[in-house]
Number of protein chains: 2
Amino acid sequence: MKLTSKGRYAVMALADLAKFDNINPVSLRDISLRQGISLDYLEQIFSKLRKNEIVQSVRGTQGGYILKKKAKDIKLTNIFDAIDEKVKTVQCKKESKKSCNGKSTKCLTHNLWDELENHINNFFKEKSLEDLVKDNIERRI
Amino acid sequence: MKLTSKGRYAVMALADLAKFDNINPVSLRDISLRQGISLDYLEQIFSKLRKNEIVQSVRGTQGGYILKKKAKDIKLTNIFDAIDEKVKTVQCKKESKKSCNGKSTKCLTHNLWDELENHINNFFKEKSLEDLVKDNIERRI
DNA sequence: ATAAACCTGACTAAAATAGTCAAGTATGAA
DNA sequence: TTCATACTTGACTATTTTAGTCAGGTTTAT
Ligand code: FES
Ligand code: FES
């Protein structure tokens with residue numbers, strides 16, 4: 001059970017963006033250098049973040065990205081949804097009435113994994129980008 | 001972020017074992033048939049469960065496995081530890097002072113992932129095999 | 001004896017991940 | 001206008017992980 005780099009990078013990059021977000025947009029190049037993430041990979045990630053209205057791009061010289069909403073209103077769950085980083089604990093299709101082993105009733109553990117999925121998603125629903133930035137400021141003092 | 005089949009199978013097999021655990025040991029063959037899990041794969045999993053004292057083996061004809069502790073005292077966390085199914089959310093080595101991107105201080109998101117890891121592990125520490133079996137009995141009524 | 005069932009280690013196909021690479025397009029500034 | 005910067009897109013690929021399979025045992029109740 002592990003988090004992928006894509007998810008980690010997306011949040012890390014947005015945290016960086018939120019931190020350095022003044023009047024000027026932040027270039028992916030800067031984020032790449034500061035956070036040590038491949039520029040090409042960042043571009044893939046930000047393409048999805050833009051399509052899902054988490055960030056807004058500013059083209060041209062001195063261009064870059066800015067947050068499209070307030071940091072307070074961007075929850076981790078929005079970020080993960082945007083980049084297709086899903087929490088998947090059950091094996092079966094949830095809607096289908098078939099169990100993961102092909103039988104007609106749900107398997108012995110189905111409910112358990114479903115509970116786990118909710119437990120994890122609750123965490124993502126609560127945490128916002130703002131929480132993250134605040135935590136970093138506090139640590140620095 | 002997903003659960004592996006190994007983890008899923010281990011818990012499913014132990015739930016089956018707890019459910020059918022009478023005086024007689026339960027053979028992997030039976031579990032394999034009932035739960036639709038490859039016998040060879042089950043053997044790998046049970047080898048670890050035995051070494052970690054979750055189950056006890058009974059060799060010979062009519063042999064099989066029995067739980068080594070009460071279902072109440074077997075938490076999911078014990079099972080996952082036994083089979084090396086780890087929850088890994090941070091990228092860096094926790095002990096090391098280096099961050100995941102090679103810098104000397106922890107990255108912007110380190111604390112967040114660490115919180116998430118605790119959040120998930122708390123779930124595993126609370127749930128026992130007994131909870132699982134109970135849930136299934138209730139559903140059946 | 002023999003068959004059932006545990007036990008072990010090595011091997012491998014398939015899938016997912018974590019990127020790289022190439023070839024653009026748009027725009028602000030000199 | 002020209003140029004550099006930076007976004008944009010899509011295809012490609014090496015690496016790693018996963019989810020098993022396979023072969024060859026050993027133990028023990030009957
Ligand atoms: S996980 Fe849904 S039926 Fe097994
Ligand atoms: S996850 Fe620990 S430093 Fe980045």
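Hydrogens, waters and symmetry mates are skipped; everything else that's a heavy atom, side chains included, is used. Numbered from 1 within each chain, the chains take letters A, B, ... in sequence-line order.
Salt-bridge formation is not detected for the pair A:Glu130/A:Lys70: no Lys NZ or Arg NE/NH1/NH2 atom is positioned less than 4.0 Å from an Asp or Glu carboxylate oxygen. Between B:Glu53 and B:Lys69 there is no salt bridge, since no side-chain N of the basic residue sits under 4.0 Å from a carboxylate O of the acidic one. No salt bridge links B:Lys6 with B:Glu85; every basic N to acidic carboxylate O contact stays at or beyond 4.0 Å.
Between B:Arg59 and D:dA29 there is no side-chain polar atom (N or O) within less than 4.0 angstrom of OP1 or OP2. For C:dA18, the OP1/OP2 oxygens have no side-chain nitrogen or oxygen of A:Tyr9 closer than 4.0 Å. Proximity of B:Arg50 to the phosphate of C:dC7: a side-chain N or O atom is located under 4.0 Å from OP1 or OP2. Distances shown here put a side-chain N or O of B:Ser5 below 4.0 Å from the OP1 or OP2 atom of D:dA19. The side chain of A:Ser38 contributes an N or O atom lying less than 4.0 Å from OP1 or OP2 of C:dT20.
Here the C1' atom of nucleotide C:dG24 and the CD atom of A:Glu43 are 12 Å apart, to the nearest Å. One interatomic measurement links the two molecules: CG of B:Asn24 to P of C:dA4, which rounds to 17 Å at whole-angstrom precision. B:Leu39 places its CG atom 13 Å from the P atom of D:dC22, with the value rounded to the nearest Å. Atom CD in A:Gln91 sits about 13 Å away from atom P in C:dA15, given to the nearest Å. Rounded to an integer number of Å, the gap from CD of B:Gln56 to C1' of C:dA5 is 16 Å. Distance CD (B:Gln35) to P (D:dA19): 17 Å, rounded to an integer number of Å. At whole-Å resolution of the value, CG in B:Leu3 and C1' in D:dT18 are 13 Å apart. Distance CD1 (A:Ile66) to C1' (D:dA6): 15 Å, rounded to an integer number of Å.
Taking for each of A:Gln62 and A:Ser47 the nucleotide of DNA chain D with the nearest heavy atom, the 5'-most of the two is the partner of A:Gln62. Judged by closest nucleotide on DNA chain C, B:Thr61 is the one of B:Thr61 and A:Arg8 placed further toward the 5' end. Judged by closest nucleotide on DNA chain C, B:Gly64 is the one of B:Gly64 and A:Thr4 placed further toward the 5' end.
The listed nucleotides are D:dA23, D:dT9, D:dG20; the one nearest the side chain of B:Asp40 is D:dA23. Nearest to the side-chain atoms of A:Tyr41 among the listed nucleotides D:dT9, C:dA5, C:dA18 stands C:dA18.
If you check distances only, the side chain of A:Gln44 never reaches the base of D:dT8 with a donor-acceptor pair under 3.5 Å.
The closest side-chain heavy-atom distance from A:Lys86 to A:Asp81 is not below 4.5 Å. Using a 4.5 Å heavy-atom cutoff, the side chains of A:Val26 and A:Phe20 are in contact.
Using a 4.0 Å heavy-atom criterion, one finds that B:Lys2 contacts the sugar-phosphate atoms exclusively.
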